[in-house]
Asker: 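Quick one: the structure is below, questions incoming.
Just so you know, residue 1 is the first one in the sequence shown, and it goes up from there. Note that ligands are numbered from 1 as they come in the structure, with each ligand's atoms numbered from 1 the same way. All heavy atoms count here, side chains included; hydrogens, waters and symmetry mates do not.
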Amino acid sequence: MIGELSQLRDLFASRRLVVVSNRLPYNPSRTSRGIRYVKGSGGLVTALDPILRLSNGLWIGWDGGTGPPIKRKRVTISEPEGEGSYQIRFVDLTEKEIGHYYYSFSNRTLWPLFHNFIGMSHFNSTHWMTYFKTNAYFAGTTQEEANPSDIIWVHDYHLSLVPKFIRYQNPDLRPYFFLHTPFPPYDTFRVLPWCKPILEGFLGSEKIGFHLKRYADNFLECVEKILNADVDRKRGVVELEGRKVKVGAHPISIDYDAFQDMAMTQRVDKRVQKHRKRIGDRVVILGVDRLDYTKGIKERLLAIERFLERYSKFRNRVLFIQVAVPSRTRVEEYRVMKKEVDETIGRINGRFTGEGWPPIQYIYRSIPREELVAYYRLADIALVTPGRDGMNLIAKEYVASQVDKKGVLILSEFAGAAEELTEALLVNPYDIETVSETIHKAIEMPSAEKRRRMEGMQDLGRRKDIYSWVRDFFEEVA
Ligand code: GDG
């Protein structure tokens, strides 16, 4: 990692990094001592925060609208001291923009479609128009702030039109783009009435990154068939209007050392011991997700129920801890799903509590990173079973935090992470019977096999961390 960091330092010391994403990495919050900026907890923030600091960079985005209104356009983030600083630039959104651009077109049209949940996609031209205009607004703000010598990196499906708008507004600016979700197959993507302008939006970039080759191939097929553009699928190059756009696979990762180091601290150790005292020698199975229908939480609960039905000797011998972080609570599908999850947990706990413990402990909130790592270290089994997931960082964080190498990762074959974490027990999350059998297999697995599998995944995690992800993505940039 040291080598990678110094290479990144060289690159970004001469060229400022400007990140553009829907959400800013820090959210304003009112305290008795005035407004404080609180760091978000997502994977992208953890990844890019140190890199923005070393490049004295700029992050452009929306503050999420939950904190106090901010009158200033820009704020410098300089805490913690001694770790460099960077600026954040606010993009203010109106209620209508938040409703149409964010909650509707981004999260009720593109999100389900990109995850292959076509039936859940809503197609509404008013929402599309606001998405279009809001993307133009993000691009305008970027154009106001950036110089041709900057490296501009636009992120995710919310901002798919931004690269084209930036280039249109100022041809000297050369944006890069990364998509954090899957990119669906041609037959799914072509259902979108605005599939053409979305592809053209992506192609305003110098380079487009996806987690997997499969997603990049899907994209290239769509470009070829929908835009009739010149595509070299083997080299991953699109030729358009006399320009070449590179398209490639760059699986995102985590700050592996940071997770491992935290897992080894005394504070985490104490937390683990405290939990163990409470739980005794029960087998701990862990799920951690944003509460999202793509994450397969309902099916996972059914697999736990089936496991308890089939293997009665394990009743009162296992505890399933599900951490669910509230997400997109204004969207109807998310509210419906929350109700279903609540009811399913109630039913299973009612059915199997008997004289012993409720088998499911449900934590519906975001927990501090240290507590999360303690759960990762504690868990005998991590059940990471999304119905579809671009990558899934929880799987990688669990592996990094398993310093005792006693745990088993059960991973959905539909998570991008399954392509790298091949020593996990891979399952089809919709096959409830097999998932319940796999839980049993994980419990019975000999310690030597657990260790061997975990070490294999840890080797990979150490070699391919978040710093190598950024370095590889910008490999060709001088
Ligand atoms: C999108 C793609 C892709 C979660 N709960 C807590 C918490 N987290 C942090 C985890 C992790 C992140 O949130 C979740 O990352 P995922 O990758 O699992 O999922 P998405 O949010 O859907 O992310 C996904 C990712 O982008 C990156 O490209 O992998 O496929 O959908 O980092 O640590 N953090 C804290 N408390 C929690 O309760 N502190």
Asker: I need the atoms of ligand 1 closer than 4.0 Å to a non-hydrogen atom of Arg290, numbered in the order shown.
Answerer: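 By the 4.0 Å cutoff, the relevant atoms are 20 (P), 21 (O), 22 (O).
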Asker: Regarding Lys298 and the six-membered ring of Tyr293, is the cationic atom NZ or CZ under 6.0 Å from the ring centre and inside 45° of its axis?
Answerer: no
Asker: Below the 3.5 angstrom mark, is there an N/O of Pro368, backbone or side chain, next to an N/O of ligand 1?
Answerer: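 Checking ligand 1 against Pro368, no N or O pair falls under 3.5 Å apart.
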Asker: Indicate whether the side chain of Lys207 and that of His250 have a donor and an acceptor atom separated by less than 3.5 Å.
Answerer: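 Distance-only check passes for Lys207 and His250.
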Asker: Would you indicate which of Asp255, Asp292, Leu44, Asp389 comes nearest to atom 30 (O) of ligand 1 when only heavy atoms are counted?
Answerer: Asp389
Asker: Quick check on contacts: which atoms of ligand 1 are under 4.0 angstrom from a heavy atom of Leu372?
Answerer: 7 (C), 33 (O), 34 (N), 35 (C)
Asker: State whether Tyr86 and Arg53 meet the cation-pi test: NZ (Lys) or CZ (Arg) under 6.0 Å from the six-membered ring centroid, and within 45° of the perpendicular axis.
Answerer: no
Asker: Could you tell me if the side chain of Lys39 sits less than 4.5 Å from the side chain of Glu79, heavy atoms only?
Answerer: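 The answer is no, as the side chains (C-beta and beyond) never meet within the 4.5 Å cut-off.
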Asker: Any N or O on Trp111 sitting closer than 3.5 Å to an N or O of ligand 1?
Answerer: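 It does not: no N or O of Trp111 is found under 3.5 Å from an N or O of ligand 1.
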Asker: Less than 4.0 Å from atom 22 (O) of ligand 1, is there any heavy atom belonging to the protein?
Answerer: yes
Asker: Measuring only between side-chain heavy atoms, which start at C-beta, is Lys295 closer than 4.5 Å to Met337?
Answerer: no
Asker: At what distance is the nearest protein heavy atom to atom 19 (O) of ligand 1, and which residue and atom is it?
Answerer: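 So the nearest neighbour among protein heavy atoms is Lys295 NZ, 3.2 Å.
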Asker: So which of Tyr131, Phe132, Phe138, Phe202 actually passes ring pair (Phe, Tyr, Trp, His ring centres under 6.0 Å) with Phe165?
Answerer: Phe132
Asker: For atom 12 (C) of ligand 1, which protein heavy atom lies nearest, and how many Å away is it?
Answerer: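 For this ligand atom, the closest protein heavy atom is Gly43 N, 4.1 Å.
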Asker: Identify whether NZ of Lys or CZ of Arg in Arg328 sits under 6.0 Å from the centre of the six-membered ring of Trp111 and within 45° of that ring's axis.
Answerer: yes
Asker: Tell me which part of Glu371 gets within contact of ligand 1: side chain, backbone, both or neither, using heavy atoms under 4.0 Å.
Answerer: neither
Asker: Show the atoms of ligand 1 that are less than 4.0 angstrom away from any heavy atom in Ile394.
Answerer: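 Counting atoms of ligand 1 from 1, those under 4.0 Å from Ile394 are 10 (C), 18 (O).
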Asker: Examine the proximity of ligand 1 to Val325 and report which part, side chain or backbone, both or neither, has a heavy atom under 4.0 Å away.
Answerer: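 It is the side chain that touches ligand 1; the backbone stays farther off.
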Asker: Pairs of nitrogen or oxygen atoms closer than 3.5 Å, one from Tyr376 and one from ligand 1: do any exist?
Answerer: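 N/O-N/O distance under 3.5 Å: no.
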Asker: What's the shortest distance from atom 9 (C) of ligand 1 to any protein heavy atom, and which residue and atom give it?
Answerer: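 Answer for atom 9 (C) of ligand 1: Ser41 O, 3.8 Å.
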Asker: Please say whether more than 12 non-hydrogen atoms of neighbouring residues, nucleotides or ligands are located less than 6.0 Å from CZ in Arg267.
Answerer: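 Incorrect, the count does not exceed 12.
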Asker: I need the contact type for Val288 against ligand 1. Using non-hydrogen atoms and a strict under-4.0 Å cut-off, is it side chain, backbone, both or neither?
Answerer: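 For Val288, only side-chain atoms sit under 4.0 Å from ligand 1.
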Asker: Can a cation-pi geometry be assigned to Arg282 and Trp357, taking NZ or CZ under 6.0 Å from the six-membered ring centre and within 45° of the ring axis?
Answerer: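 Pair Arg282/Trp357 counts as cation-pi.
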Asker: If we only count N/O pairs under 3.5 Å, is Phe259 in contact with ligand 1?
Answerer: no
Asker: Considering only heavy atoms from C-beta outward, does the side chain of Met454 approach that of Val399 to under 4.5 Å?
Answerer: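 Yes, close enough: below the 4.5 Å cut-off.
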Asker: Looking at Phe178, Tyr157, Phe177, Phe189, which one forms a ring pair (Phe, Tyr, Trp, His ring centres under 6.0 Å) with Phe183?
Answerer: Phe189
Asker: May I ask you to identify, for His180, whether its side chain, its backbone, both or neither come under 4.0 Å of ligand 1 on a heavy-atom basis?
Answerer: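 The part of His180 near ligand 1 is both the backbone and the side chain.
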Asker: List the closest protein heavy-atom neighbour of atom 17 (O) of ligand 1: residue, atom name, distance to the nearest 0.1 Å.
Answerer: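 Protein heavy atom at minimum distance: Leu393 N, 2.8 Å.
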Asker: Using a 4.0 Å cut-off to any heavy atom of Arg369, which atoms of ligand 1 qualify?
Answerer: 39 (N)
Asker: How long is the straight-line distance from OG of Ser21 back to NE2 of His180, given to the nearest 0.5 Å?
Answerer: 8.0 Å
Asker: Students should be able to answer this: which protein heavy-atom is nearest to atom 35 (C) of ligand 1, and at what distance?
Answerer: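 Protein heavy atom with the smallest distance to atom 35 (C) of ligand 1: Ile367 O, 3.2 Å.
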Asker: So is Gly390 polar-close to ligand 1, meaning N/O to N/O under 3.5 Å?
Answerer: yes
Asker: So is Glu397 polar-close to ligand 1, meaning N/O to N/O under 3.5 Å?
Answerer: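 Yes, since at least one N or O of Glu397 sits under 3.5 Å from an N or O of ligand 1.
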Asker: Before giving the answer on side chain to side chain donor-acceptor pair (under 3.5 Å), spell out for Tyr101 and Asn22 the whole-Å C-alpha distance, their side-chain angles and the decisive distance to 0.1 Å.
Answerer: CA-CA 10 Å; Tyr101 144 78; Asn22 173 58; 2.7 Å; yes
